[in-house]
Each structure stands twice: as C-alpha cells, then as structure tokens.
Peer 1: 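Take a look at this one; I'll ask things after.
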Amino acid sequence: CVPSNTYVFGNPAFVQHSNYATTAMSKATLQNRRNKAKLDTLKLIWLVVELYLVATIVLVVNTLLQWFAQRIVSSSWQTILVKHVVLLGMVSASLVGCSIILKWLLIGKKRPGHCAPATVYKQFADWAVDY
C-alpha cells in the first residue's frame, strides 16, 4: 500500500542540478531527517519504557509467588525450581496480555485496504507493537 501524497522525484542515480529541484529535494530531505530523528527518539524512549514494564511485571509476579509459596508450601529446592518455572510462565503470559492491550491502545482497529498517511506517530506505533 503506497501512502497518499507520495512524491517521487526521478531516478536517484541521475539527479538533476536545477535550482528548483535542488531546493525541493533539500527541503524534503531536511523534513525527512527531522521525522527520522523524531522517530528514533520515540523508539529510544519506548525501549526504556518497555524495560521498566518488563521489570515491573517480573517484580509483581515474583512478589505474588513468594507470598503464595510462604503460605502454602515448604522451602525445599524443588519448591524453588517450581517457583522459577511458574514465574517464567506467568511473566510470559502477562507480557503477551500487555502486548495485546498495547496493540489495541496504540493502533486500534484497522479497516482492510484502508491506508492512512504515514505520520511519525503511525510509524512509531506500528514499530512499537511489532517490536
């Protein structure tokens, strides 16, 4: 799907050196660089947010399992092994649930065949939920 308002200018191997073409290309290049810088900044911020999200989920699940283990079972090495296996499963399930919720929040429901203009936010949202 090619976004609307797409401007294609000649073959990059044969750049025309007219004043208008150079000015138009330099303005477009400057805007593309700004958009790329914004997108890269959003990606870096998202990676930090995602790191904290994963750490928080691991901490919450681990705390719940410790509370449950103290009330129900003894503290032998088998219990510790089972706790780590259950921790891995619960954290994985929680992260899958968070991924689904984030997809609904960031990109929502898309209609088939509908292609909205590619904005920086749309590119970021598509990258963040598929990363």
Side-chain angles (χ1 to χ4, degrees):
C1 178
V2 176
S4 61
N5 298 328
T6 302
Y7 179 70
V8 180
F9 184 79
N11 187 341
F14 303 102
V15 176
Q16 297 176 359
H17 294 288
S18 69
N19 190 20
Y20 173 75
T22 307
T23 305
M25 284 178 56
S26 63
K27 286 181 182 177
T29 304
L30 182 62
Q31 184 63 30
N32 287 340
R33 285 183 185 169
R34 286 182 186 153
N35 287 343
K36 180 153 176 42
K38 288 178 189 176
L39 184 62
D40 290 343
T41 304
L42 285 172
K43 286 180 180 181
L44 286 174
I45 291 170
W46 180 253
L47 290 176
V48 173
V49 168
E50 200 169 51
L51 177 68
Y52 280 108
L53 178 68
V54 170
T56 303
I57 287 175
V58 169
L59 182 66
V60 167
V61 170
N62 191 24
T63 304
L64 288 173
L65 283 178
Q66 283 181 351
W67 177 80
F68 181 72
Q70 288 175 355
R71 304 228 184 300
I72 303 298
V73 293
S74 64
S75 61
S76 66
W77 68 271
Q78 293 99 348
T79 306
I80 294 170
L81 181 64
V82 168
K83 184 188 119 185
H84 282 80
V85 170
V86 171
L87 176 70
L88 182 65
M90 289 180 69
V91 166
S92 298
S94 299
L95 289 173
V96 167
C98 281
S99 174
I100 291 169
I101 290 169
L102 285 172
K103 281 189 179 201
W104 284 342
L105 290 175
L106 290 176
I107 61 174
K109 183 178 178 182
K110 291 184 177 179
R111 291 179 288 168
H114 177 70
C115 188
T119 62
V120 173
Y121 174 75
K122 184 179 179 313
Q123 290 175 346
F124 164 72
D126 290 341
W127 176 85
V129 297
D130 288 336
Y131 173 71

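Note that the structure is a prediction, hence the values are computed from the model and not measured.
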Peer 1: Only pairs under 3.5 Å count here: list side-chain donor-acceptor contacts from residues 93-107, not counting sequence neighbours, and write none if there are none.
Peer 2:
residue	atom	partner	partner atom	Å
Ser94	OG	Met90	O	2.8

Peer 1: Would you give the length of the straight line joining atom CG of Asp126 to atom OH of Tyr121, rounded to the nearest 0.5 angstrom?
Peer 2: 9.5 Å

Peer 1: Is it the case that one hydrophobic cluster holds both Leu88 and Leu59, taking links as side-chain heavy atoms less than 4.5 Å apart, direct or via other members?
Peer 2: no

Peer 1: Do Leu64 and Val61 belong together in a cluster built from hydrophobic side chains that touch within less than 4.5 Å?
Peer 2: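 No, it is not one cluster - the side chains of Leu64 and Val61 are not joined through contacts under 4.5 Å.
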
Peer 1: Are Val54 and Val60 connected in a single hydrophobic cluster, I mean Ile/Leu/Val/Met/Phe/Trp/Tyr linked by side-chain heavy atoms less than 4.5 Å apart?
Peer 2: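 Different hydrophobic clusters.
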
Peer 1: Is the count of non-hydrogen atoms from other residues, nucleotides or ligands lying under 6.0 Å from Lys43 atom NZ greater than 12?
Peer 2: yes

Peer 1: Taking the side chain as every heavy atom from C-beta outward, state whether Leu39 and Asn35 have any atom pair closer than 4.5 Å.
Peer 2: no

Peer 1: Using side chain to side chain contact (heavy atoms under 4.5 Å, CB included), reason through Leu47 and Glu50 one step at a time and then give a plain yes or no.
Peer 2: CA-CA 5 Å; Leu47 290 176; Glu50 200 169 51; 4.2 Å; yes

